[in-house]
*Asks:* 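One structure coming up, written as structure tokens, with questions to follow.
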There are 2 protein chains.
Amino acid sequence: MAYSYAYPHPAVTVDVVVFTADEGALEVLLIKRGEWPHTGKWALPGGFVEIDESLKRAAWRELREETSVQAGYLEQLGAFGHPDRDPRERVITVAYIALVPFDRLRFEAGSDAADAKLFAIDELPELAFDHRKILRRAKERLRDKLDIADIVRQLMPDRFTLSELQRTHEAISNTESDKRNFRKKLKTLEIVEATGENKEGGAHRPARLYRAVKKT
Amino acid sequence: MAYSYAYPHPAVTVDVVVFTADEGALEVLLIKRGEWPHTGKWALPGGFVEIDESLKRAAWRELREETSVQAGYLEQLGAFGHPDRDPRERVITVAYIALVPFDRLRFEAGSDAADAKLFAIDELPELAFDHRKILRRAKERLRDKLDIADIVRQLMPDRFTLSELQRTHEAISNTESDKRNFRKKLKTLEIVEATGENKEGGAHRPARLYRAVKKT
DNA sequence: GCAAAAGTGTTTGAGGTACACCCATGC
DNA sequence: GCATGGGTGTACCTCAAACACTTTTGC
């Protein structure tokens with residue numbers, strides 16, 4: 001017990017909600033806990049903040065440790081600090097949202113995690129701690145803050161079809177939109193361009209592949 | 001030194017950005033620091049989170065201690081945790097935004113504060129810690145999240161003129177709008193009603209006083 | 001009477017919404 | 001040939017923006 005204080009101090013962690021879009025479906029990265037508490041439940045990747053490390057730096061470190069993702073979109077969601085959210089001690093966590101294109105996501109199980117896995121946002125398993133609450137808030141934040149341009153720039157893979165983009169947008173905004181209106185809107189935004197390639201494979205007409213326009 | 005941990009723990013505080021609107025001008029409550037560090041500079045009201053107290057409860061407590069405000073709008077802004085933001089020890093603060101109508105705001109200097117005072121949002125004094133950064137982010141949050149209905153419900157006093165409401169809206173959104181368009185918009189929203197009273201006093205035509213419509 | 005803020009409608013343009021059919025492929 | 005998703009244009013309506021003059025008061 002090397003560190004003493006005149007008043008009790010909480011522990012502070014960061015947790016990262018890693019969103020990605022696979023074929024238009026919105027997914028979240030979760031880690032299966034191997035240790036007490038909540039052994040066997042799934043949890044957001046995260047860990048303790050080092051004493052001389054900024055919150056954002058800690059979030060980057062956790063993101064890199066779990067996904068080997070080096071860059072991209074990382075935004076603070078907020079702090080969650082209910083006194084009994086962790087049975088070990090008072091733990092306040094600062095949650096971050098990361099957006100990672102599916103084709104840049106490489107994840108392996110970390111040292112204290114039995115398994116890492118992507119889950120569809122609407123088919124979540126039982127979650128550890130208050131992580132369901134954090135995820136609900138993360139989804140609300142995406143809905144309120146992320147527009148189509150953000151989705152194209154931060155969440156879509158290198159090449160994508162317009163239907164995939166529309167499905168991703170609908171999953172995030174929790175609305176449905178007309179295909180023609182969606183594409184008309186995209187034209188005015190001038191944020192995607194056709195690559196000339198097609199995406200074959202379905203029992204239907206091949207879809208054109210688009211990419212994000214590099215911002216000037 | 002009664003509290004010991006196997007790993008170093010940061011201290012956690014809450015700081016509250018108390019916004020109010022006086023005659024249409026957006027103002028912030030600041031406390032003059034009487035103690036080291038940053039003695040004599042102005043700071044956001046705040047203090048340490050008790051070990052068995054939720055973050056929001058701590059924010060309510062600080063708000064009540066400084067302003068004797070019991071209810072109203074209180075929303076988390078986010079966590080600020082740069083390692084050297086406080087010279088005493090590692091301190092992570094969770095900032096909250098409070099909206100308090102001017103006529104409900106009663107504030108007195110607290111025990112560890114030499115003075116408490118409202119400042120116009122664009123005429124801030126030198127601030128302690130990273131509080132200027134917190135205030136900038138708080139203003140951005142208001143701009144992005146607060147609509148006219150929120151302003152009417154949470155920030156306007158019991159009686160107000162439409163010009164005061166418009167000035168408050170312009171201060172928050174950082175835009176200017178046409179008087180006729182603003183009032184037309186208000187009509188469709190159906191959130192204010194005339195009281196029949198007038199606000200006398202200027203060297204000009206008296207303004208009608210309005211109040212917020214009680215939500216059904 | 002003049003300075004100062006209050007109050008009041010119409011026109012226009014942009015953007016969002018509703019809506020239906022043909023096309024290319026796999027089986 | 002049929003099932004499956006891909007791709008395309010028009011009409012309407014709503015809402016935001018631009019814009020100027022009269023009214024009531026204090027001095």
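Below, read A as the first sequence line, B as the second, and so on, with proteins coming before strands; counting in each chain starts at 1.
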*Asks:* Using heavy atoms and a sub-4.0 Å distance, could you list which residues of residues 145-166 of chain B are near DNA chain C? By number, please.
*Replies:*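 The answer is B:Ser163.
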*Asks:* Please work out whether the ring planes of A:Phe182 and A:His169 are parallel, tilted or perpendicular, with thresholds of 30° and 60°.
*Replies:*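 Aromatic pair A:Phe182/A:His169 classed tilted.
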*Asks:* How does protein reach along nucleotides 17-27 of chain C, written 5' to 3' as B (base within reach of a heavy atom under 4.0 Å), S (only sugar-phosphate), or - (no contact)?
*Replies:* BBBB--BBBS-
*Asks:* For the side-chain contact (heavy atoms from CB on, under 4.5 Å) test, which of A:Leu30, A:Asp22, A:Leu105 pairs with A:Leu118?
*Replies:*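 For A:Leu118, the side-chain contact (heavy atoms from CB on, under 4.5 Å) check succeeds only for A:Leu105.
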*Asks:* Which class fits the ring pair B:Phe119 and B:Trp42: parallel under 30°, tilted 30 to 60°, perpendicular over 60°?
*Replies:* perpendicular
*Asks:* Distance check needed: C:dG16 P versus A:Leu189 CG, whole Å only.
*Replies:* 9 Å
*Asks:* Which helical stems does DNA chain D take part in, if a stem means at least 3 consecutive Watson-Crick or G-U pairs with both distances below 3.5 Å?
*Replies:*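 Stem segments, range with range: C:1-27 with D:1-27.
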*Asks:* Between B:Arg153 (side chain only) and B:Ala212 (backbone N and O only), is there a donor and an acceptor less than 3.5 Å apart?
*Replies:*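 No.
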*Asks:* Return the minimal non-hydrogen interatomic distance between B:Thr13 and B:Val49, and the atom names on each side.
*Replies:*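 Minimum heavy-atom separation between B:Thr13 and B:Val49: C-CG2, 3.9 Å.
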*Asks:* Let me confirm one number: the CG-CZ distance from A:Asp130 to A:Arg137, rounded to the nearest 0.5 Å.
*Replies:*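 So the gap between those two atoms works out to 10.0 Å.
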*Asks:* For B:Arg183 and C:dT10, what is the distance between atoms CZ and P respectively, to the nearest whole Å?
*Replies:* 17 Å
*Asks:* Kindly compute the distance separating CD (A:Gln154) from CG (A:Leu142), expressed to the nearest 0.5 Å.
*Replies:* 11.5 Å
*Asks:* Expressed in angstrom and rounded to an integer, what is the separation of B:Lys187 atom NZ from D:dC15 atom P?
*Replies:* 16 Å
*Asks:* Please round to the nearest 0.5 Å and tell me the distance separating atom CD1 of B:Ile191 and atom CZ of B:Arg211.
*Replies:*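 Interatomic distance, B:Ile191 CD1 to B:Arg211 CZ, rounded to 0.5 Å: 14.5 Å.
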*Asks:* Starting at CZ of A:Phe182 and ending at C1' of D:dG6, how long is that distance when rounded to a whole Å?
*Replies:*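 After rounding, the gap between these two atoms is 14 Å.
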*Asks:* Between D:dT25 atom P and B:Lys199 atom NZ, what is the distance in whole Å?
*Replies:* 17 Å
*Asks:* How many whole angstroms separate atom CG of B:Leu186 from atom C1' of D:dA16?
*Replies:* 15 Å
*Asks:* Less than 4.5 Å apart, side chain to side chain, heavy atoms only: is that true for B:Glu50 and B:Arg61?
*Replies:* yes
*Asks:* Taking B:Gln76 for the side chain and B:Val94 for the main chain, is one N or O donor matched with an acceptor at less than 3.5 Å?
*Replies:* no
*Asks:* Ignoring hydrogens and geometry, is there a side-chain-to-backbone donor-acceptor pair from B:Ser68 to B:Arg64 under 3.5 Å?
*Replies:*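 Not at all, since once roles are kept as given, no pair shorter than 3.5 Å links the two residues.
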